[in-house]
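First the proteins, then the strands, lettered A, B, ... as listed; each starts at 1.
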There are 2 protein chains.
Amino acid sequence: MSTPKASRDPVDAIVDQWAAVRPDLDTAAMEVFGRVYRLARTMGDRMEKAYARFGISRGEFDVIATLRRSGAPHTLSPRQLSATLMLTTGGMTGRLDKLERAGLLRRSPDLHDRRALQVTLTDKGLAVVDEAVGAGLALQTEALSALDEEQAGQLADLLRQLLAGTVNPPS
Amino acid sequence: MSTPKASRDPVDAIVDQWAAVRPDLDTAAMEVFGRVYRLARTMGDRMEKAYARFGISRGEFDVIATLRRSGAPHTLSPRQLSATLMLTTGGMTGRLDKLERAGLLRRSPDLHDRRALQVTLTDKGLAVVDEAVGAGLALQTEALSALDEEQAGQLADLLRQLLAGTVNPPS
DNA sequence: GGAAAGTAGCTTAGCGCTAAGCTATTTCTG
DNA sequence: CAGAAATAGCTTAGCGCTAAGCTACTTTCC
């Protein structure tokens, strides 16, 4: 009965199950990615609920947050938005339709390129995103309080390093 | 021009953008969760492709992997599977339909409870999952090689701690 | 032992996404 | 400067999920 490094979690249980039936497998990577998937899912669900209070989904929040972040005049093209959000143009059309109907943004013609549009946050959209971003961050901050400040910084650094190697495999 | 702690990544850029337009926000939590979401998404996409070589989706892999992990005789009920995989029963029905059609598992009546079914891996299903799990782990292991062994262990521990506080908010 | 409550799995409607294909417009190329 | 290639945004079909409702069966409770 030695000291456990931390309370066992569902991922530990899965790793143990694999060890019992396939002891040849190297499951070390599962300890990281299994937890990454679970965190993304559980926190994602909670974020969804947090944004629902403002009448928007998480995907819709991402759109208006991207416009907000870009600074005044809070204008980007659908193309820029879909590229930033890693979304197909078809998916973007749907999100913009919903947000435009809700009065949070408007589409206007691009004067320099008649194929293109400009998507601009309305006053209402600006007000909603400025409130919603605070609510979302509060939720994440609370979740992160499971770690102390040094641990949180360490975690962010490790994730940055992992992400860099993952997206840009050093060939 | 001081030493960067690591090469800047897209999440750093987003944090900087927020700092420019909303300097009042505490974006520390975004440094963690922003990267968790991205990692889950990019690695998820790559896992999807890895499993596609075996004719299955990631969701379908999760089903046969859960059966495999449970040990001989590789049998669970749809209810157990949907609970483990955090899926509605409707979603489970669809996955089982596809896997049964592909001959990777079979549904049979539960002799003790006539409402219930038993889902059992076929020989073919067992062969597929035993190959696919190796391919999936290889992909994850390669991605994780961006970190050394100590860092990987540290990351797993920090994620375990964060996940524990997130799922079970200590009230 | 019979009514009420609970549970297992399926079906349907609706949602949001992707992939593929479309038209209109712009940019590249010889 | 004309034809070819690329690009912007939209539409449609299809996919996999959820939420809600259904039937069949089992368990609980007087």
Item to complete: Considering only NZ, NE, NH1 and NH2 on the basic side and carboxylate oxygens on the acidic side, decide whether B:Arg160 and A:Asp12 come within less than 4.0 Å.
Response: yes
Worksheet item: Would you call B:Arg8 and B:Asp16 a salt bridge, taking side-chain N to carboxylate O under 4.0 Å as the test?
Response: yes
Worksheet item: Between B:Phe61 and B:Arg68, is there a cation-pi geometry (under 6.0 Å to ring centre, at most 45° from the normal)?
Response: no
Worksheet item: Any cation-pi pair here, B:Arg38 with B:Phe33, using under 6.0 Å and within 45°?
Response: no
Discussion item. Any donor-acceptor pair under 3.5 Å linking the side-chain atoms of A:Thr89 with those of A:Ser82?
Written reply: no
Practice prompt. Produce a footprint string for nucleotides 6-17 of chain C: one letter per nucleotide, 5' end first; B if the base is under 4.0 Å from any protein heavy atom, S if only the sugar-phosphate is, - if neither.
Written response: BBSBBB-----S
Worksheet entry | Euclidean distance, atom CZ of residue A:Arg114 to atom P of D:dA6 [Å, nearest integer] | 23 Å
Worksheet item: What is the distance from CG of A:Asp110 to C1' of C:dT27, rounded to the nearest Å?
Response: 15 Å
